[in-house]
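Take a look at the structure set out below.
As the structure lists them, so they are numbered: ligands from 1, and atoms in each ligand from 1. Counting from 1, the numbers follow the sequence of the chain as shown.
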Amino acid sequence: MEWETVIGLEIHTQLATKSKIFSGASTAYGAAPNTQACAVDLGLPGVLPVLNKAVVDMAIRFGLAIEAEIAPLSIFARKNYFYPDLPKGYQISQYELPIVGLGRVTIELEDGSTKVIGITRAHLEEDAGKSLHEDFHGMTGIDLNRAGTPLLEIVSEPDLRSPQEAVAYMKKIHALVRYLEISDGNMQEGSFRCDANVSVRPRGSHEFGTRTELKNINSFRFVEKAIEYEVERQIEILESGGAVVQETRLFDPDKGETRPMRSKEEAMDYRYFPDPDLLPVEITPEMIEKVRAEMPELPDAKRQRFIEAYRLSEYDAGILTASREMADYFETVAKAIEDAKLAANWVMGELTGHLNRENREIGESPVSADQLAGLLKRILDNTISGKIAKEVFEAMWAGEGDADTIIAERGLKQITDTSALEAMVDEVIANNPKQVEQFRAGKEKVLGFFVGQIMKATQGKANPAQVNELLRKKLSS
Ligand code: ADP
Ligand code: MG
């Protein structure tokens, strides 16, 4: 039988506020345990939560970006459960009336096609604390610094049909929250993670199969691996006549497998009810319009503009707008040198290559956009060749200064002095009578040999176009 995979993602993205969602404690990452948890975050009796206005604006911004309905009235609810890292005994979340309703995003797939994925809802909630197992023997430590950190949970429709689509969707949402500047999207620090709901069904069937939920996945690679494994596992069960158990599972990146964590709880298990400590959130059309007026250019619009304004291919424009930092970097270079193609080639080639090699983000590039523009200008005005430019780039990357300094200090300026080049050409011709004969007998390829000799003699500094021209003139006379 042929099986079809069905996936829906619940993405938790940490909102980039300075203080927590219901208290004034700091959200900064990496502080000593329990130094950033105030009475509200600890759930001490008698304290009252106060909503941080910044999270409402951020949720609206996200809602507008996915063309969703923003709820004029939304409600915070208590989701009751017991866990050591949840001292209140409940998490404040949104249930029946989330702040962001039905929306959509377009994802781009590897084969160049696109697909629209529905987003069921996005709601505000607080994060829980963290249990620390590593440094304790026979006990578990609790760090409540993260308790009360604002999260936006983004729930997709079960529209995704392969692990690759799930990754493309996750990447799209990641780019979006970073473009919108509502989250830093830092996956190592847990600011962007997802639960993947996975089921399979016979192809052609209209009913969904029983799903499992893979919890807390914090990398694009793991999402793909976890879903791939889970799909295989479910198909195996079904093909051997068994039934998939609806449950929550955990992905183990070391073993590359998922394993059961707990049986799936139903909404009724949580006894959701409106939090009596918090007023409903009312959002007026004026508030929405104010946020709309401040919206930045979004990835899809930017990609389209890059294609038209800079004559880039769909593919190049897609890569260059994958992050806002990358797009800004490219655009700064392209404008400075007025040659978008050259800018695109260097940003996607040399720069990205170096970044990937050292596992750095573009924001951490030791070569700034202005510095790269300075280098490319020297190619365009024939001071150096493209090949020498790579050597200069290497030196810039190592922190040796800007292009002009390096070119001067290393004596890399291209030799364009015709009489100097002419002397070299004469010499090479005089020293290689056999090759001269071959060329004159019609063996065009030998020209490359002569060019190579001169490049070798000048350590790549001769102007290639000039050398070619001189060689042809002399060899055919
Ligand atoms: P819960 O809140 O219990 O996790 P929801 O009904 O809100 O459940 O769904 C959560 C996620 O699971 C959504 O992203 C939804 O698209 C996805 N989902 C629901 N049913 C299935 C299914 N049969 N197969 C795969 N994903 C599913
Ligand atoms: Mg869920």
| query | Can you check whether Pro158 has an N/O within less than 3.5 Å of an N/O in ligand 1? | reply | yes
| query | Phe208 heavy atoms, cut-off 4.0 Å: which ligand 1 atoms fall inside? | reply | 23 (N)
| note | Taking only non-hydrogen atoms of Gly8 and a 4.0 Å limit, the atoms of ligand 1 in range are 14 (O), 16 (O), 17 (C), 26 (N)
| said: I want to know whether Phe273 and Tyr95 have ring centres closer than 6.0 Å. | reply: no
| What atoms of ligand 1 come closer than 4.0 angstrom to any heavy atom of Gly209? | 23 (N)
| task | Step through it carefully: locate the ring centre of Phe251, locate the ring centre of Tyr229, and say whether they are under 6.0 Å apart. | result | no
| Reported OG1-to-CG distance for the pair Thr17 and Asp57, which is rounded to 0.5 angstrom | 12.0 Å
| field | Cationic tip of Lys171 above Phe220 ring, under 6.0 Å, 45° of axis | value | yes
| task | Just jot down the ligand 1 atoms closer than 4.0 angstrom to any heavy atom of Val155, in number order. | result | 13 (C), 14 (O)
| query | Nearest heavy atom to atom 25 (C) of ligand 1: which of Val6, Ile11, Ile117 does it belong to? | reply | Val6
| task | Find out whether the Lys NZ or Arg CZ of Lys79 is both under 6.0 angstrom from the six-membered ring centre of Tyr272 and within 45° of the ring's axis. | result | no
| task | Can you sort out which atoms of ligand 1 are near Glu157, meaning under 4.0 Å from one of its heavy atoms? | result | 16 (O)
| field | Minimum non-hydrogen distance to atom 5 (P) of ligand 1, winning option of Arg121, Glu10, Arg211 | value | Arg211
| said: If you apply the rule side-chain contact (heavy atoms from CB on, under 4.5 Å), what do you find for Glu361 with Glu325, and how did you get there? | reply: CA-CA 9 Å; Glu361 298 286 327; Glu325 291 83 357; over 6 Å; no
| task | Report the part of Thr120 (side chain from C-beta onward, or backbone N, CA, C, O) that has a heavy atom under 4.0 Å from ligand 1; answer both or neither where that applies. | result | neither
| remark: Note: ligand 1 atoms sitting under 4.0 Å from heavy atoms of Glu213 are 4 (O)
| request: Answer yes or no: are there more than 12 heavy-atom neighbours, outside Glu96 itself, under 6.0 Å from its atom CD? | output: no
